Colleague: 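Dropping the structure in here first, questions after.
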Amino acid sequence: MQLSTAPAVSRRRRGNPDSQGLLGVLSVCATLLQLCAGCPSECACNSLEVNCSGRSLVSVPAPTSFPEGTHTLHLTNNRLSSLPVSTFANLSTLETLDLSNNYLDNLPSRLFRELSNLSDLSLRNNSLTVLDRELFRGLTQLRRLDLSLNGLAVVPLGLLDELQGLTWLSLAGNRLHALERATFEPLINLQHLELGMNPWECDCNLRDFKHWMEWLIYRGGYVDAVECTLPKDLRGRDIRGVPVEMFNYCLQLDDENGGGGTKGGSPPCVRATAAPSEGAVVRTEGELPDCVKQRYRPVSVRRAIGTVVIAGVVCGIVCIMMVAAAAYGCIYASLMAKYQRELKKRQPLMGDVEAEGDPEEKQISSVA
């Protein structure tokens with residue numbers, strides 16, 4: 001009996017590694033099956049990343065079909081033109097969402113309301129012309145937002161209020177001609193702003209936003225070129241290089257017109273006081289723009305630097321003139337002193353000649 005039990009024990013000991021390896025293979029297969037079962041058939045899943053790019057999708061797969069805990073979702077280069085409100089209902093763990101290169105023209109209010117962990121959102125190269133002011137509500141963790149290459153003509157007041165953590169924003173390649181400073185003031189952490197390729201009108205409507213851009217650059221931020229298309233005398237110039245003195249007439253118009261005016265030479269509140277367009281938000285008296293509320297207007301940084309430079313040049317010229325005057329005075333004084341010394345040396349000689357001449361005159365007079 002002892003001889004028969006020993007081989008059995010040894011067989012069991014030899015079988016342990018095989019059984020453990022089999023269990024490992026089975027667990028890996030189960031994990032792969034689970035991932036495959038949780039991935040939409042139109043997409044490719046890799047760990048926590050789902051790639052549905054370039055699949056000619058006209059609608060986003062059901063949220064329940066995505067793997068649990070998905071962090072990244074790519075939906076680029078498809079044919080998406082609209083998104084239901086519940087498109088991202090069960091994707092609260094999503095951190096990166098790319099919807100670029102589609103045909104989206106209208107997004108429902110608070111489409112991204114459940115994406116509380118979203119940090120990177122791209123809506124680049126779509127057909128967006130209007131954005132609902134509630135669209136980005138709840139995205140407190142958003143750090144990067146790309147709205148470039150769309151048809152936006154205005155950025156609604158309040159759209160960016162909850163994006164205080166935003167550090168990168170692109171509005172390049174739209175139809176923006178002016179922006180309100182109050183819309184961007186909540187972006188206290190913004191470091192990078194792209195505004196190129198827009199038909200900017202460099203009049204009073206862009207004055208306060210110019211001040212805000214200068215403040216952003218002053219605290220270390222970056223803003224790309226903001227080239228003017230109107231008026232004609234500023235066409236092609238970067239508004240950041242336009243002297244603030246050219247906007248002084250805006251303050252006069254504020255006083256003369258009481259905050260009103262006409263397009264092209266009007267204060268920033270003109271478009272707000274005009275008849276509201278479709279989809280525009282009607283603001284109360286407490287939400288009036290800066291020209292009505294007469295808010296504090298910061299001094300232009302470039303103007304302050306220019307003033308310091310001019311004052312330094314003037315002081316330098318005055319100092320040079322004072323040094324030149326002092327040198328001239330010293331030279332003149334030395335010359336006059338030398339002249340006086342020579343004059344004193346000649347006076348005794350002239351006295352001796354006169355003294356010698358007197359006896360002769362006396363002798364002549366006596367002989368006579």
Side-chain angles (χ1 to χ4, degrees), residues 71-74 76 94-101 107 112 115-126 128 131 133-150 152 154-200 202 205-228 237-242 244 268 290 295-305:
H71 283 181
T72 303
L73 176 58
H74 297 284
T76 62
L94 204 61
E95 296 179 0
T96 301
L97 177 59
D98 194 345
L99 290 163
S100 58
N101 301 330
L107 299 177
F112 311 108
L115 304 181
S116 57
N117 292 311
L118 194 65
S119 61
D120 190 340
L121 175 60
S122 178
L123 294 166
R124 175 184 173 87
N125 195 19
N126 279 278
L128 299 172
L131 295 177
R133 62 181 300 176
E134 304 287 334
L135 181 62
F136 300 133
R137 289 295 171 90
L139 301 183
T140 56
Q141 301 299 318
L142 197 64
R143 298 293 179 268
R144 183 183 176 95
L145 177 61
D146 193 346
L147 295 169
S148 61
L149 300 179
N150 282 280
L152 299 174
V154 64
V155 179
L157 184 66
L159 178 70
L160 309 174
D161 282 359
E162 295 192 9
L163 307 184
Q164 297 182 5
L166 200 67
T167 60
W168 193 97
L169 173 62
S170 178
L171 291 166
N174 282 280
R175 298 177 182 175
L176 299 170
H177 48 74
L179 292 172
E180 292 191 38
R181 173 180 175 171
T183 305
F184 294 82
E185 285 182 338
L187 305 180
I188 56 177
N189 291 305
L190 190 66
Q191 292 295 321
H192 185 101
L193 179 61
E194 295 183 357
L195 297 170
M197 298 183 294
N198 280 286
W200 299 110
C202 299
N205 297 291
L206 205 58
R207 176 195 58 186
D208 288 349
F209 185 75
K210 169 182 165 65
H211 291 160
W212 181 85
M213 283 193 300
E214 291 175 345
W215 172 246
L216 176 62
I217 296 172
Y218 174 77
R219 60 185 177 91
Y222 167 82
V223 181
D224 63 348
V226 182
E227 294 186 358
C228 306
R237 291 187 60 180
D238 189 342
I239 192 175
R240 297 174 302 175
V242 176
V244 72
D290 297 353
R295 297 173 55 188
Y296 169 74
R297 297 181 177 92
V299 178
S300 171
V301 177
R302 287 188 176 83
R303 182 178 182 181
I305 295 174

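Everything numeric here is computed off the predicted structure, so don't read it as measured data. When a residue number appears, it is its place in the shown sequence, counting from 1.
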Colleague: So which atom in L131 and which in P156 form the shortest heavy-atom distance, rounded to 0.1 Å?
Modeller: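 Scanning both residues completely, I find the closest heavy atoms to be O-CG, 3.1 Å.
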
Colleague: What do you reckon, is CZ of R237 surrounded by more than 12 foreign heavy atoms closer than 6.0 Å?
Modeller: yes

Colleague: I need the T167 OG1 to L187 CG distance, nearest 0.5 Å.
Modeller: 10.5 Å

Colleague: Calculate, to the nearest 0.5 Å, the distance between atoms CG and OG1 belonging to L118 and T140 respectively.
Modeller: 10.0 Å

Colleague: Taking the side chain as every heavy atom from C-beta outward, state whether Q164 and E162 have any pair of such atoms under 4.5 Å apart.
Modeller: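 Q164 vs E162: side chains apart.
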
Colleague: List in chain and number order the residues that pass side-chain contact (heavy atoms from CB on, under 4.5 Å) with T76, two or more places apart in sequence or in another chain; answer none if no residue qualifies.
Modeller: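 In terms of side-chain contact (heavy atoms from CB on, under 4.5 Å), with neighbours along the sequence ignored, T76 is linked to S53, D98, S100.
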
Colleague: Any side-chain heavy atom of Q191 within less than 4.5 Å of one from R219?
Modeller: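 Yes - at least one pair of side-chain heavy atoms lies under 4.5 Å apart.
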
Colleague: Between D238 and A225, what is the shortest heavy-atom contact and its length?
Modeller: OD2-CA, 3.6 Å

Colleague: Taking all heavy atoms of L139 and all of L121, pick out the closest pair and write down the distance.
Modeller: CD1-CD2, 4.5 Å

Colleague: So L163 and L169, do their side chains get closer than 4.5 Å, heavy atoms only?
Modeller: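 No; the side chains remain at least 4.5 Å from each other.
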
Colleague: Of all the heavy-atom pairs spanning L206 and H177, show the shortest one and how long it is.
Modeller: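 Minimum heavy-atom separation between L206 and H177: CD1-O, 4.5 Å.
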
Colleague: For R240 versus K210, what's the shortest heavy-atom pair and its separation?
Modeller: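 Closest heavy-atom pair between R240 and K210: O-NZ, 3.8 Å.
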
Colleague: Would N150 and N126 count as a side-chain hydrogen bond (donor to acceptor under 3.5 Å, both in side chains) if you check the C-alpha gap in whole Å, the side-chain angles of each, and the deciding distance to 0.1 Å?
Modeller: CA-CA 5 Å; N150 282 280; N126 279 278; 4.8 Å; no

Colleague: Quick one: CD on E185 to CD on E180, what's the gap to the nearest 0.5 Å?
Modeller: 10.5 Å

Colleague: Calculate, to the nearest 0.5 Å, the distance between atoms CG and CG belonging to L159 and L147 respectively.
Modeller: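 Spacing of CG (L159) from CG (L147) equals 7.5 Å.
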
Colleague: Find the distance between CD (Q141) and OG (S116) and round it off to the nearest 0.5 Å.
Modeller: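 Q141 CD to S116 OG: 7.5 Å, rounded to 0.5 Å.
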
Colleague: Kindly give the heavy-atom pair with the smallest separation between L216 and V223, and that separation in Å.
Modeller: CD2-CG2, 3.6 Å

Colleague: Quick check: do W168 and D120 have side-chain heavy atoms less than 4.5 Å from each other?
Modeller: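 No, their side chains stay 4.5 Å or more apart.
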
Colleague: D224: which residues meet the side-chain contact (heavy atoms from CB on, under 4.5 Å) condition with it, sequence neighbours left out?
Modeller: E194, L195, Y222

Colleague: If you define the side chain from C-beta out and look only at heavy atoms, does anything of L145 sit under 4.5 Å from F136?
Modeller: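 In short, these two side chains touch, coming nearer than 4.5 Å.
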
Colleague: Checking side-chain polar atoms at under 3.5 Å, does R124 have a donor or acceptor matched by the opposite partner on S148?
Modeller: yes

Colleague: Just so I know, are the side chains of L123 and L107 near enough to count as touching, which here means a heavy-atom distance under 4.5 Å?
Modeller: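 Yes, at least one pair of side-chain atoms sits under 4.5 Å.
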
Colleague: With a 4.5 Å heavy-atom cut-off, do I239 and C228 have their side chains touching?
Modeller: yes

Colleague: To the nearest 0.5 Å, what is the distance between CH2 on W212 and CG on L190?
Modeller: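 If we round to the nearest 0.5 Å, W212:CH2 and L190:CG are 5.0 Å apart.
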
